[in-house]
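To start, the structure under review is shown below, and the notes come after it.
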Amino acid sequence: MIDLFTIVMTAAGLIFFAAGTLGLIRFPDTHSRLHALTKADNLGLGLIALGLAVQVPGPADLFKLILIWALAILAAGATAQLVARIAAPAGLGDDEKAQDGGSDGQERRRP
Amino acid sequence: MNAINRNGHDHARDDTAQLPVRARARNLYAYASPNPGNGPAQTPPILPVLARSPRERALRRCLRRLLWAVPVTAGLWLVLTGGGPDSLAFGIPAIALAGALAFATTPATRWRIAPVAAFRFAGWFALQSVLGATDVARRAFRLHLALAPGFCRFPTRLPQGAPRIFFANAISLLPGTLSAEIEGASVIVHSLDLRRNTHAELAALEWRVAALFALAPGTQDSVSHTGGAP
């Protein structure tokens, strides 16, 4: 029963890892790829850790598993943030300025 | 671009009595951030005779952070490596470095976490991150990519520092959203599907983060506050 739980959980975890990698390959731009990596891989790792947690011999190893998961989530979040910041938000600032300028222009034209 | 809320601050000037209780709570927490000048009220001095200068208080905060960071990082290292003598050759410098970083990056203000709200947040967040992962996995496995990616700007009322950074990091695990950058008081959010109502979801998350950091006054509180507010 415990083995079955482990098999189901780690298999599901692997599916999410595969989905993350597939998204990394298929998604069109850097930011969309980051979505796939951060979200799918975090859940995949969590499911694998959960599946393995019922197999550990003692509480020390259980704590270690939880710790690895928590640190991986923190690192993934920070890395995603850094990559997203460097891959500049595709001209959002310019877009906004253009819109602001346009509306200003219209207001100026009115009086 | 539909998620841009430019008149967010105008709500505070509106007649708050017309807003629902939840919205009133949102208006109030913007002004309820902990004031660094109230330090002695939060942490009563051991020797009340001596008045502490702000500089001394800041130093004490740094030291307290250091005392907290070194045992925690040492504990992490021991759990991860088993504490063999070989690992300590790398571990001790790493722990010292972590302590120095904690000392150097002490925030200007201290934050309080509301325990009940933290449990509520953890449960909700676990569910949301599962939904987020399933959503992105489904999109990745689909034959035709159903994506309408793009950016939007979300102006937040969360104060600078830990609450705002926590908010930005949490955005990245919600379904369909990823925080790309923090620009002043706004978070630039990348959305996988701009057709979704991203702004409402982010506002809900913002409210939960405010509750987590004990920034939103309770419902009773907000009613009495707004009763007295001009």
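In what follows, every chain begins at residue 1, and chains take the letters A, B, ... in the order their sequences are listed.
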Query raised in the report: Rounded to the nearest 0.5 Å, how far does CG of B:L80 lie from CG of A:L67?
Result: 4.5 Å
Query raised in the report: Just by distance, do the side chain of A:R85 and the backbone of B:I182 share a donor-acceptor pair under 3.5 Å?
Result: no
Query raised in the report: What part of B:I165 gets closer than 4.5 Å to chain A, counting heavy atoms only: side chain, backbone, both or neither?
Result: neither
**Report entry** Nearest heavy-atom neighbours spanning A:T38 and B:L173
**Finding:** O-CD2, 4.1 Å
**Report entry** Part of B:R139 lying under 4.5 Å from any heavy atom of chain A
**Finding:** both
Requested in this report: Nearest 0.5 Å please: distance from the OG1 atom of A:T30 over to the CG atom of B:L178.
Outcome: 11.0 Å
**Report entry** Distance-minimising heavy-atom pair for B:S179 and A:A84
**Finding:** O-CB, 4.1 Å
Query - Residues of residues 4-16 of chain A with any heavy atom under 4.5 Å of a heavy atom in chain B - result: A:I15, A:F16
Query raised in the report: Is the CH2 atom of B:W124 crowded by more than 12 outside heavy atoms at less than 6.0 Å?
Result: yes
**Report entry** Atom pair CG (A:L82) and CD (B:E181), whose distance is rounded to the nearest 0.5 Å
**Finding:** 11.0 Å
Query raised in the report: Is there a donor-acceptor pair under 3.5 Å between the side chain of A:K39 and the backbone N or O of B:T177?
Result: yes
Query raised in the report: So what's closer than 4.5 Å to chain A heavy atoms on B:L147: side chain, backbone, both or neither?
Result: side chain
Query raised in the report: How close do A:R26 and B:H144 get, heavy atom to heavy atom, and via which atoms?
Result: NH2-N, 4.4 Å
Requested in this report: On the 0 to 90° scale, with breaks at 30° and 60°, tag the A:H31-B:F151 ring pair as parallel, tilted or perpendicular.
Outcome: perpendicular
Query raised in the report: So what's closer than 4.5 Å to chain B heavy atoms on A:D29: side chain, backbone, both or neither?
Result: side chain
Query raised in the report: Where is the tightest heavy-atom contact between B:A140 and A:L22, given as atom of each residue plus distance?
Result: O-CD2, 3.4 Å
**Report entry** Interchain contact, A:L34 with chain B, by part (heavy-atom threshold 4.5 Å)
**Finding:** both
Query raised in the report: Mind checking whether A:L74 and B:N169 have side chains closer than 4.5 Å, heavy atoms only?
Result: no
Query raised in the report: Taking everything shown except A:F63 itself, do over 12 heavy atoms lie less than 6.0 Å from its CZ?
Result: no
